[in-house]
**Student:** 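Encoded as structure tokens, here's the structure I'll be asking about.
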Protein chains: 2
Amino acid sequence: MLYNEIESCNCSIIHEDIIEKVRESMPPEESLYDLAELFKVFGDSTRIRILHALSASEMCVCDIAALLGMTQSAISHQLRVLKHARLVKYRKEGKVIYYSLADDHVNQIFAQGLEHVNE
Amino acid sequence: MLYNEIESCNCSIIHEDIIEKVRESMPPEESLYDLAELFKVFGDSTRIRILHALSASEMCVCDIAALLGMTQSAISHQLRVLKHARLVKYRKEGKVIYYSLADDHVNQIFAQGLEHVNE
DNA sequence: TTAATACATGAACAATCGTTCATATGTTCA
DNA sequence: TGAACATATGAACGATTGTTCATGTATTAA
């Protein structure tokens, strides 16, 4: 099993003990994949701006489009991504659909990120 | 000024008061862009796995490649991205370069993200 | 029922991204 | 000095992504 890795990384293993220790500490592949998928959603400035806007107030699609100076279609596509990641929720009122943040995790992840960016 | 946005979003503004209120609460465009760039770095499962490995122990490039079953080149390219985002630091010891997490923000952002993923 | 409007969505395109491959740099050791 | 090895990097490729455009659905109001 270890031999496969030696072949694929094209170099001899220097610290076998460390690799084994770290390997045991790694969460299941799937968790890390899900985590990457979550951050991928945060990794677009349009979505970041939508999320930040929604942290200030619930808004309908048209309002967000007007605020960000983008088309309704572009916003709608992005809201779909945010909805799928369970970062926003919505309520319907006639023709109008009001979006808001799904929970407080968004604000907390924002805060941590901004702390790093502002060093 | 408001007219441009009406044109670009292709819909009449429904809640002008909310838009104005939210607009005032928005951080500078550049901050949100930087924030998106940061999360973009977290948004790849290879980089997530590297970061998680480094949160357990400092490691050299070959070790990481062996651990993840990937080529040394692929890891090196990704470490470059992580270095540029100031998420990892390194120390040199002869031929070998040991990488480690730059600060504790990584762990905190990880924790917030995992909390959301695990609902 | 019809017109108007808020929102969703599929196809298509350009742009960005992650990996591979080949090769270069820099250090150690004989 | 030269061979071995750890790491870095540029070019190129396929894959993914964000937006636009055109169109579809659903609701309201006349």
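Convention: sequence-line order gives letters A, B, ...; per-chain numbering from 1. Quick caveat, the model's predicted, so the values are computed rather than measured.
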**Student:** List for me each residue that meets salt bridge (charged side-chain N to carboxylate O under 4.0 Å, His left out) alongside A:R47, sequence neighbours excluded, and say none if there are none.
**Tutor:**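 Testing A:R47 for salt bridge (charged side-chain N to carboxylate O under 4.0 Å, His left out), a comparison that skips the adjacent residues, returns none.
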**Student:** If you check every side-chain atom of A:V61, which of C:dA8, C:dA6, D:dA6 has the closest atom?
**Tutor:**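 So the nucleotide nearest the side chain must be C:dA8.
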**Student:** Detail all sub-3.5 Å separations between protein N/O atoms and N/O atoms belonging to nucleotides 12-19 of chain C.
**Tutor:**
from: C:dG18; atom 1: OP1; to: B:R47; atom 2: NH1; distance (Å): 3.0
from: C:dG18; atom 1: OP1; to: B:R47; atom 2: NH2; distance (Å): 2.6
from: C:dG18; atom 1: OP2; to: B:R47; atom 2: NH1; distance (Å): 3.3
from: C:dT19; atom 1: OP1; to: B:T46; atom 2: OG1; distance (Å): 2.7
from: C:dT19; atom 1: OP2; to: B:Q78; atom 2: NE2; distance (Å): 2.5

**Student:** Indicate the atoms forming the closest heavy-atom contact of B:G43 with A:K40, along with that distance.
**Tutor:**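 What the structure gives for the nearest pair is O-CE, 3.0 Å.
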**Student:** Verify the contact: side-chain N or O of B:Y90 to OP1 or OP2 of D:dA6, cut-off strictly under 4.0 Å; return yes or no.
**Tutor:**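 Result: no.
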**Student:** Mind checking what makes ring-ring contact (aromatic ring centres under 6.0 Å, His included) contact with A:Y33, not counting sequence neighbours?
**Tutor:**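 None.
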**Student:** Name all residues meeting the salt bridge (charged side-chain N to carboxylate O under 4.0 Å, His left out) criterion together with B:E115; count only those two or more places apart in sequence or in a different chain, and write none if there are none.
**Tutor:**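 Scan of B:E115 (salt bridge (charged side-chain N to carboxylate O under 4.0 Å, His left out), adjacent residues dropped) gives none.
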**Student:** How close do A:T46 and A:L68 get, heavy atom to heavy atom, and via which atoms?
**Tutor:**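 Closest pair (atom of A:T46, atom of A:L68, distance): O-CD1, 4.3 Å.
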**Student:** Whole-Å distance between C:dT9 P and A:I75 CD1?
**Tutor:**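 Roughly 15 Å, once rounded to whole Å.
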**Student:** Grab the CD1-C1' distance between A:I97 and C:dA8 for me, whole Å please.
**Tutor:**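 For the pair A:I97 CD1 and C:dA8 C1', the rounded distance is 8 Å.
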**Student:** Check the phosphate of C:dT9 against A:R80, side-chain N and O only, distance under 4.0 Å to OP1 or OP2. Yes or no?
**Tutor:**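 Affirmative; the distance criterion is met.
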**Student:** Base contacts versus sugar-phosphate-only contacts with protein, heavy atoms under 4.0 Å: please encode nucleotides 22-30 of chain D as B, S and - from 5' to 3'.
**Tutor:** B----BS--
**Student:** Which residues pass the salt bridge (charged side-chain N to carboxylate O under 4.0 Å, His left out) test with A:E24, not counting sequence neighbours?
**Tutor:**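 With sequence neighbours excluded, A:E24 shows a salt bridge (charged side-chain N to carboxylate O under 4.0 Å, His left out) to no residue whatsoever.
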**Student:** With respect to the phosphate group of C:dC7, does any side-chain polar atom (N or O) of A:Y98 fall under 4.0 Å of OP1 or OP2?
**Tutor:**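 For C:dC7, OP1/OP2 do not have a side-chain N/O of A:Y98 under 4.0 Å.
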**Student:** Can you pull out every ring pair (Phe, Tyr, Trp, His ring centres under 6.0 Å) where at least one residue sits in residues 77-97 of chain A? Sequence neighbours excluded, please.
**Tutor:**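 The answer is A:Y90-A:Y99.
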**Student:** Would you kindly give the CZ-to-P distance between A:F39 and D:dT17, to the nearest whole Å?
**Tutor:**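 To the nearest whole Å, that distance equals 17 Å.
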**Student:** Take the protein atom CZ of A:R91 and the nucleotide atom C1' of C:dA6, then report the distance between them rounded to whole Å.
**Tutor:**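 Taking CZ of A:R91 and C1' of C:dA6, I get 15 Å after rounding.
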**Student:** Quickly work out the A:M59 CE to C:dA6 C1' distance and round it to whole Å.
**Tutor:**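 From A:M59 CE to C:dA6 C1': 15 Å.
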**Student:** Under the salt bridge (charged side-chain N to carboxylate O under 4.0 Å, His left out) rule, collect the residues that match up with B:E119, sequence neighbours excluded.
**Tutor:**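 With sequence neighbours excluded, B:E119 shows a salt bridge (charged side-chain N to carboxylate O under 4.0 Å, His left out) to A:R86, given in chain and number order.
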**Student:** According to the ring pair (Phe, Tyr, Trp, His ring centres under 6.0 Å) rule, which pairs have a member within residues 43-68 of chain B, sequence neighbours left out?
**Tutor:**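 As it turns out, the ring pair (Phe, Tyr, Trp, His ring centres under 6.0 Å) pairs with a partner in residues 43-68 of chain B, which skip direct neighbours, are B:H52-B:F110.
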**Student:** Could you tell me how far apart B:L82 (CG) and D:dT7 (P) are, to the nearest whole angstrom?
**Tutor:**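 Result: 15 Å.
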